[in-house]
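The next block holds one structure in the form of structure tokens; read it before the comments.
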Amino acid sequence: MSRIATIEIDGKKYEFPVIEVTENELAIDIKTLRAVTGGVTTIDPGYKNTGSCESAITFLDGEEGILRYRGYSIEELAEKADFLEVAYLLIFGELPTKVELEKFHSDIKGQAIVDEDIKKIIDGFPKAAHPMGVLSSLTSALVAFNPTSVNVDSEEEMYNAIVRILGKFPVLTAWAYRKQAGLPLDYGDNSLGYVENFMKMMFKKPTEEYECNPVVVDALDKLLILHADHEQNCSTSTVRIVGSSNAGLFVSLSAGINALWGPLHGGANQAVIEMLEAIKEDDGDTKKYMAKAKDKSDPFRLMGFGHRVYKNFDPRAKIIKVSADKVMHELGVEDPILEIAKGLEKEALEDKYFVDRKLYPNVDFYSGIIYRALGIPTDMFTPMFALGRLPGWIAQWREMRQRKEPIGRPRQVYIGETYRPFKKVEDR
Ligand code: ACO
């Protein structure tokens, strides 16, 4: 039997269908609300209760700690797949066959050269520019070098645009870092895997060969998989809404990068390390910071703990903690910051305040630790997140365009002045 939701306004009842979808989630379909009620709207700041679209890409259940891409659990994907397989899965909906995966990788490699003129743009940035700003600008600039707009009804054109950005984005990310580090820009090596190649482009010094450590490559690959999509978060919603005006893929992605830059979103991994550094400067007194986090008159929060959606645990954090331990062991990292992190984690997991509120370390707590162990500077953490999130953004943009979703244009509830007659400047 189909379900109905009834809204009563001033004694008049309006009925709306309740849709039940694949994971038994219920949603009230209010598409006709304004038409039938004569202009009544809904208000939901931050869209905490509002589905902006129907999507078949990522399923997330924050209460149960479930995250699945196209139906596959994040745990299984992180263990058994590599980042490019996951990217293909997210974007095209199915795991690739061996032949499809090889072609995908080979097509991406074929696009891994950016126009030499991009270097002139990079040269124009000050060395101290934040790499997220550089990355979003360069991603927009790609349009100038690839000006033909993509016919979204053509699978072939769509595919070509997708491999183009997947090929060029790691180059731009690595170059944003090298500019900052004062290193000459490095070209990739197509004999390497996607992640190894990225590592080489980031870290190879002109004076010596670069050898990739497989433990590091594996940890980074997993991190990228864990960040690859997270349904309608701030940056993904941005990509969809920008694309809904029929703006192209690259500029929609550039908008997503800017949304991710914010400290309330992708910037949290950076905030974790900054907090740990502050604790170190304060004689490593974790107890003091635990007390501050619990003190309601103190705005301080333990960065890297708690999550808006995951209220039991962050499934990504469980996976990445194991990788973080492996990386630190493999690299023999001895860093007082990492010792502080371990101490804080142990204390918080045993503390009644954190246990009662179900505040567990989130993915950003451990990702920051891994990046730091790899020698990646703090302000490159968010670009690393962007590299991981890229397939998710692409998948969501493609889905939105293929479903021919209407332009995103939220309503508002106006709270300003009512009509008032204009006064000439001399009468004000
Ligand atoms: N440290 C101390 N107390 C906390 C923390 C924290 N990190 N997080 C939540 N709390 C407390 C709150 O004070 C509140 O306590 P109360 O019930 O006594 O008032 C309770 O836990 C619930 O907190 P809310 O703010 O309601 O939780 P919300 O879901 O709104 O916030 C958020 C989630 C923003 C992630 C929060 O936990 C936080 O600020 N964490 C630190 C920042 C962080 O790590 N962000 C990264 C998230 S992961 C990601 O974005 C990929």
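Both counts, for ligands and for their atoms, begin at 1 and track the order of listing. Just so you know, these numbers come straight off a predicted model, no measurement behind them.
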* Asked: What are the atoms of ligand 1, with element, lying closer than 4.0 Å to any heavy atom of Gly306?
  -> 35 (C), 37 (O)
* **Side-chain touch Ile118/Leu142, heavy atoms, less than 4.5 angstrom** => yes
* Asked: Do the non-hydrogen side-chain atoms of Leu387 and Pro170 ever get within less than 4.5 Å of each other?
  -> yes
* Asked: Would a distance-only check, ignoring hydrogens and angles, find a side-chain to backbone donor-acceptor pair under 3.5 Å from Ser254 to Phe250?
  -> no
* Got the closest protein heavy atom to atom 27 (O) of ligand 1, with its distance? -> Lys311 NZ, 3.8 Å
* To do: For atom 3 (N) of ligand 1, find the nearest protein heavy atom and state the residue, atom name and distance (0.1 Å precision).
  => Tyr353 OH, 2.9 Å
* Structure fact -> atom 14 (C) of ligand 1: closest protein heavy atom, distance to 0.1 Å, is Lys296 NZ, 4.0 Å
* Taking the side chain as every heavy atom from C-beta outward, state whether Arg401 and Asn246 have any pair of such atoms under 4.5 Å apart. => yes
* Asked: Among protein heavy atoms, which sits nearest to atom 23 (O) of ligand 1, and what does the distance come to when rounded to 0.1 Å?
  -> Arg301 NH2, 4.0 Å
* **side chain to side chain donor-acceptor pair (under 3.5 Å): pairs with one or both residues in residues 21-34, sequence neighbours excluded** => Glu23-Arg68, Asp29-Lys31
* salt bridge (Lys or Arg N to Asp or Glu O under 4.0 Å) involving Glu345 - partner list, sequence neighbours excluded -> Lys321
* Close-contact set for ligand 1 against Gly304 heavy atoms, below 4.0 Å -> 43 (C), 44 (O)
* **Option whose closest heavy atom lies nearest to atom 35 (C) of ligand 1, chosen from His265, His307, Lys48** => His307
* Structure fact -> The protein heavy atom nearest to atom 49 (C) of ligand 1 is Asp364 OD2, 3.3 Å
* Is the backbone N or O of Asn49 less than 3.5 Å from a side-chain atom of Asp44, with the two atoms forming a donor-acceptor pair by type? -> yes
* Any idea which atoms of ligand 1 are less than 4.0 Å away from a heavy-atom of Met303? -> 42 (C), 44 (O)
* Asked: At what distance is the nearest protein heavy atom to atom 4 (C) of ligand 1, and which residue and atom is it?
  -> Leu359 CD1, 3.4 Å
* **Exercise check, heavy-atom protein proximity under 4.0 Å to atom 39 (O) of ligand 1** => yes
* Residue and atom name of the nearest protein heavy atom (relative to atom 45 (N) of ligand 1), distance in Å to one decimal -> Ala268 CB, 3.8 Å
* To do: Note the single closest protein heavy atom to atom 21 (O) of ligand 1, along with its residue, its atom name and the distance in Å.
  => Arg357 CD, 3.4 Å
* Asked: Within 45 degrees of the axis of the six-membered ring of Phe313 and under 6.0 Å from its centre: does Lys318 put its NZ or CZ there?
  -> yes
* Do Lys103 and Asp107 sit within salt-bridge range, that is, some charged N less than 4.0 Å from a carboxylate O? -> yes
